[in-house]
Amino acid sequence: MDEKTIHNSTLNPKPISFHIHFNLFLLFLSLSLLPISFSALHKPPPLPILPIPSASQLQWQLSSMAIFFHFGPNTFTDSEWGTGRVDPSVFNPIRLNTTQWVQVAKDAGFNRVILTAKHHDGFCLWPSEYTDYSVKSSSWSNGTGDVVKELALSAKEAGLDLGLYLSPWDRHEASYGKTLEYNEFYMAQMTELLSRYGEIKEVWLDGAKGEGEKYMEYFFDSWFSLIRQQQPGAVIFSDAGPDTRWIGDEAGVAGSTCWSIFNRSSAKIGDTDPQYSQRGDPSGHDWVPAECDVSIRPGWFWHASEIPKSALRLLDIYYKSAGRNCLLLLNVPPNSSGLISAEDIQVLQEFAILRISIFSNNLAKNALLNASSTRGGGTDDSHFNPTNVLEDGIYTYWAPEESQSAWELHLDLQESVSFNVLQVQEPVHMGQRIIEFHLEIMKNGDWTKVINGTTVGYQRLLLFPTVESQQLKFVIDKARADPLISFLGIYMDKFSSVDNKFDDSSQARFNNSVELQQARSKHFLNSTELLRQITQNHTKTAAM
């Protein structure tokens, strides 16, 4: 550059506006080169509403159903509550096969089994070092057997969770009634069970005790601490929790309103108000979901004179337990040979067929959805779109925008459909929210209410007279916080009676059904396909 050019550029600099525009151009260019995600940030999930479940409680809730095995000397003496004075040699299940027990449970869609390791008679199904009243004094396997060990191995091989019941009431043990001595004895036996048999997923306790029996103070807090120490992944069941609670009856029936929320301080093991247990407490401070226990037979132990409930009766119980935000704990007692009886197996298989027939086909799966509002504005990439309610699992969900006066989901089924079952699920890891809801259909140009419901929780199933429509509206009327819906389904149940009358004609209708006949003719019941359908189409659980 010559001297003249240098002189002119010094005397005639570029205008200030040129520099400003040039700098703006560079800024725009740099922003345009940033990743697109810079301008597409997602709105975070809403805050959970307390209380919420622990990891072990959530895993328990996702299992939906479990099987109870009541087994012991009572099986051989035609008794329910043993005296503790029966000769242990009567226990002799010569064909014992715990692999059969577990396979029966698995084929029927259950993924957790619980064994009465010790019932009220004090007889132990494992060789305890603290009493001779156990399998080591029995005729079975010349006193060398261990039922708990065999079941633990069978459950592990099949991939099922294992739980154990250790009765606090012990009618055989001499120290029962002596507070310090018996609590030491009980905790020693609990330690054996929790340290010898691998992972235990549930420890089952209750406050059952006959009238006029010795007074006994149980050190529950010490017991619970021991369980937490030995098996931190286990849930603890009792009348009052701490992790799961008794529903308050032995019919397997929850209240039509059932909260997982509970106040443990308002409950006492062995002396809890059944109505409080059935309903739970929307103002509670603890997360203690309910477990509905019921036996497939009239008694809890096997009796040759008894017959099992029908599959239709089990389906009715299912609607009123697992369909009311609870876990169904179905007792299936092994017989005196050590096997699950053939008639019980048949009922369980038919129960599985019923559930598959009803719940394998969500009639709303191809619906077009829109919502009254969607968190984050309802953009296509929103994490909270209403279409999430058609995806299996609880970890995706529809969430409305905050501070709304209406919470509605509209479904266009694209064709007129007949149905009589509604399924709703909440993402319970975010807390239980819904207090009241209802379902409407479009009929002759007007919205018509089909059914009202109260709590939802992990799962709510409602059965009602068959309706037909293309347009549906699901409305949340009242909630503890902005409601969240993880799943919505409608189904056709061709077998159940809405008035809950299960007569001979309804059983005959099921026995003659196409679904049952096809399953039997194809030997479909014990196949892996049955388990796949139950797992994928019915439980609708997400991978943990």
Just by distance, with hydrogens left out, do [X] and [Y] show a side-chain donor and acceptor under 3.5 Å apart?
X	Y	result
Gln346	Glu350	yes
Ser167	His119	no
Gln425	Ser486	no
Tyr491	Gln423	yes
Asp293	Trp246	yes
Tyr319	Asp493	yes
Asp87	Ser89	yes
Asn183	Trp223	yes

Hey, is the main chain of [Y] close enough, under 3.5 Å, to the side chain of [X] for a donor-acceptor pair?
X	Y	result
Ser128	Tyr130	yes
Asp273	Gln275	yes
Asp249	Ala251	yes
Thr131	Tyr133	yes
Ser141	Thr144	no
Lys209	Lys214	yes
Arg279	Gly255	no
Ser238	Ala240	yes

So do [Y] and [X] actually touch side chain to side chain, heavy atoms under 4.5 Å?
X	Y	result
Gln349	Asp107	no
Phe237	Asp243	no
Val294	Leu329	no
Leu125	Lys118	no
Thr244	Ile236	no
Tyr318	Leu354	no
Tyr165	Leu115	no
Leu205	Val203	yes

Over 60° means perpendicular and under 30° means parallel, so classify the ring planes of His120 and Trp169, tilted if in between.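 Tilted, since the angle between the ring planes falls between 30° and 60°.
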Evaluate the ring planes of Phe185 and Tyr182, with Trp represented by its six-membered ring, and classify them as parallel (under 30°), tilted (30 to 60°) or perpendicular (over 60°).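 Judged by the thresholds at 30° and 60°, the geometry between Phe185 and Tyr182 is tilted.
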Taking only residues two or more places apart in sequence, or in another chain, which ones meet Glu213 in a salt bridge (charged side-chain N to carboxylate O under 4.0 Å, His left out)?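 Applying salt bridge (charged side-chain N to carboxylate O under 4.0 Å, His left out) to Glu213 gives Arg171.
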Would you please name every residue forming a salt bridge (charged side-chain N to carboxylate O under 4.0 Å, His left out) with Glu199, sequence neighbours left out?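 Scan of Glu199 (salt bridge (charged side-chain N to carboxylate O under 4.0 Å, His left out), adjacent residues dropped) gives Lys201.
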If you count every heavy atom of other residues, nucleotides or ligands that lies below 6.0 Å from [X] atom [atom1], does the total exceed 12?
X	atom1	answer
Glu80	CD	yes
Arg196	CZ	yes
Ile94	CD1	no

Run Glu173 and Lys178 through salt bridge (Lys or Arg N to Asp or Glu O under 4.0 Å) and show every step you take. CA-CA 10 Å; Glu173 172 55 34; Lys178 302 173 183 178; over 6 Å; no
Taking ring pair (Phe, Tyr, Trp, His ring centres under 6.0 Å) as the test, write out the residues that go with Phe71, two or more places apart. Phe91, Trp101
Name all residues meeting the ring pair (Phe, Tyr, Trp, His ring centres under 6.0 Å) criterion together with Trp126; count only those two or more places apart in sequence or in a different chain, and write none if there are none.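 Partners of Trp126 by the ring pair (Phe, Tyr, Trp, His ring centres under 6.0 Å) criterion come out as none, since no residue qualifies.
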Please report whether the ring centroid of Tyr395 lies less than 6.0 Å from that of His429. yes
Ion pair check, Arg297 and Glu343, cut-off under 4.0 Å: yes
Which residue pairs pass the side chain to side chain donor-acceptor pair (under 3.5 Å) test with at least one member in residues 321-331, sequence neighbours excluded? His70-Asn331, Ser260-Asn325, Ser295-Asn331
Among residues two or more places apart or on two chains, list those pairs meeting ring-ring contact (aromatic ring centres under 6.0 Å, His included) that have a residue in residues 270-298. Phe262-Tyr276
Would you sort out whether Asp239 and Arg245 count as a salt bridge (Lys or Arg N to Asp or Glu O under 4.0 Å), showing the intermediate values? CA-CA 5 Å; Asp239 304 27; Arg245 73 179 194 267; over 6 Å; no
